[in-house]
Amino acid sequence: MKLIYSNDHRDHAGAKEMRYDQMIPMSESPERMDMIMDALATAGFDDVITPTAQGLEVVHQVHDPAFVKFLQRCYPLWEAEFGPDGFATAYTFGMRGMDQVPNQSVHSMLSCYTFDVCVPFVKGTWQAIRSAKDVALSGVDLMHKGERAVFSLCRPPGHHASQDMAGGYCYLNNAAIAAQAHLNMGAKRVAILDIDYHHGNGTQAIYYDRADVFFASLHCRPEDEYPFLMGYSTEVGKDAGKGYNLNLPMPRGTNYSVWGPALATALARIHNYAPDVLIVSLGVDSFAGDPVGGFELQSPDYVTIGRVIGKADLPTHFVMEGGYAMEALGTNVANVISGYSDN
Ligand code: SP5
Ligand code: ZN
């Protein structure tokens, strides 16, 4: 399987994140990609393609252009006010009864275009965001040229980002952008299977009223986990999209004996949908040792996951999302890709 990867994410680093009442180093670090690339190489996956630079046309089909402009301008505006070496983050959020239209202040933009305290902006953030979307789009190009399966090693991840809001380490929604690009290239139906530990609230929001993209998510239930306000099984889509959204929330502490059947349920629904392309939002923060997650999946389970996804026998585009247990991250990701490739 071809891997699409660029080092342009590297300078998106150095910020801190809030963990309840503490500031801690960001779990979402450049070293994550090193762990994954090393383990993939060890497992024999060394066909690495550098992405080609792409424009913003497809991005603007998925995201509000004003939001995209904000992602570009946020750090420079922040630096003009506070000087270098810090990171931009919101202080207030546009909540019920408050204006949601930003003024010229970067703080109002952060208030309107971010929804949590886990999306810091440093000097290298925009370059990383832009590159991650190129990594996703170059994967689409490779599949269009005949690759049956590819792996876009996106960083930062994307599935929490909606049309006009960044959050949860995510800025642009790489998987959603890839889905739109597959449609542009002639696919009639695209399925997105999101197996990250967290609910893919951004991807769900983007495709909630559309039937041309089916979204299925396995995640920790909103009663127990971030983003706390979405991911219920009652969210089934609306208007033309009704019936094309599937949430499979599970309690904290879930292991493969419950998670595996949920995967089978999602894949059965995807089979009935008969997509032209399957996008896998690949997060491995469902691992038992993950410092951000709270599920109990074990490293060998990821081989099984890859195998089971491969049995769906669909053109498959893996897009990297979360996973923060540094010691096992590489192995877990490589296990999915190896399991898939065994078919
Ligand atoms: C892409 C992705 O995986 N984003 C995750 C963002 C989660 N940020 C909030 C984490 C909530 C804190 N939960 C701590 C659980 C400690 N075991
Ligand atoms: Zn996650």
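Note: hydrogens, waters and symmetry copies are ignored here, and every other heavy atom, side chains too, is used. Order of listing sets the numbers, starting from 1, for every ligand and every atom in it. Everything numeric here is computed off the predicted structure, so don't read it as measured data.
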Can you find a heavy atom in the side chain of D64 that is under 4.5 Å from one in the side chain of F70?
-> no
Main-chain N/O of P156 paired with N174 side-chain donor or acceptor, under 3.5 Å | yes
N/O/S atom name from D285 that is nearest to the position of the Zn ion (ligand 2) | OD2
Does some non-hydrogen atom of H198 fall short of 4.0 Å from ligand 1?
-> yes
For the Zn ion (ligand 2), what is the closest N, O or S atom on D196?
-> OD1
For the residue pair Y207 and F215, is the inter-centroid distance of their aromatic rings smaller than 6.0 Å?
-> no
Any donor-acceptor pair under 3.5 Å from Q54 side chain to K133 backbone | no
Aromatic rings F115 and Y226: how do their planes relate, parallel, tilted or perpendicular, breaks at 30° and 60°?
-> parallel
State, to 0.1 Å, how close H107 and W78 come at their nearest heavy-atom pair, and which atoms those are.
-> CE1-CZ3, 3.7 Å
Please confirm whether P157 comes under 4.0 Å of ligand 1, counting heavy atoms of the residue only.
-> yes
N-O pairing of E28 and R155 below 4.0 Å | yes
Does E28 come within less than 4.0 angstrom of ligand 1, counting non-hydrogen atoms of the residue?
-> no
What is the name of the N/O/S atom in H198 that sits closest to the Zn ion (ligand 2)?
-> ND1
Proximal ligand 1 atoms for H159, defined as those under 4.0 Å from one of its heavy atoms = 1 (C)
Looking at ligand 1, does any of its N/O atoms fall within less than 3.5 Å of an N/O of D285?
-> yes
Answer yes or no for P291: is there a heavy-atom contact with ligand 1 below 4.0 Å?
-> yes
Y169 and H198 aromatic centres sub-6.0 Å = no
G294 heavy atom under 4.0 Å from ligand 1 = no
Could a heavy atom of E17 be found less than 4.0 Å from some atom of ligand 1?
-> no
Check: A240 main-chain N/O paired with D209 side-chain donor or acceptor under 3.5 Å = no
Nitrogen or oxygen atoms of G168 and ligand 1 under 3.5 Å apart = yes
The protein heavy atom nearest to atom 10 (C) of ligand 1 is V292 CG1, 4.1 Å
Applying a 4.0 Å heavy-atom criterion (strictly less than), which segment of E321 is in contact with ligand 1: side chain, backbone, both, or neither?
-> neither
Write out the residue and atom name of the closest protein heavy atom to atom 11 (C) of ligand 1, then the distance separating them to 0.1 Å.
-> E225 OE2, 3.9 Å
Which atoms of ligand 1 have any heavy atom of Y169 under 4.0 Å away?
-> 2 (C), 4 (N), 5 (C), 6 (C)
Any idea which protein heavy atom is nearest atom 8 (N) of ligand 1, and the distance to it?
-> C118 SG, 3.8 Å
Given Y171, F87, Y75, the one that forms ring pair (Phe, Tyr, Trp, His ring centres under 6.0 Å) with H12 | Y171
Counting heavy atoms under 4.0 Å, the part of D196 that contacts ligand 1 is side chain
Give a yes or no on whether a salt bridge exists between D47 and K2, defined as a side-chain N under 4.0 angstrom from a carboxylate O.
-> yes
Those atoms of ligand 1 less than 4.0 Å from some heavy atom in Y226 = 6 (C), 7 (C), 9 (C)
Does the ring centre of F318 sit less than 6.0 Å away from the ring centre of Y340?
-> yes
Which heavy atom of the protein is the closest neighbour of atom 2 (C) of ligand 1, given with residue, atom name and distance?
-> Y324 OH, 2.8 Å
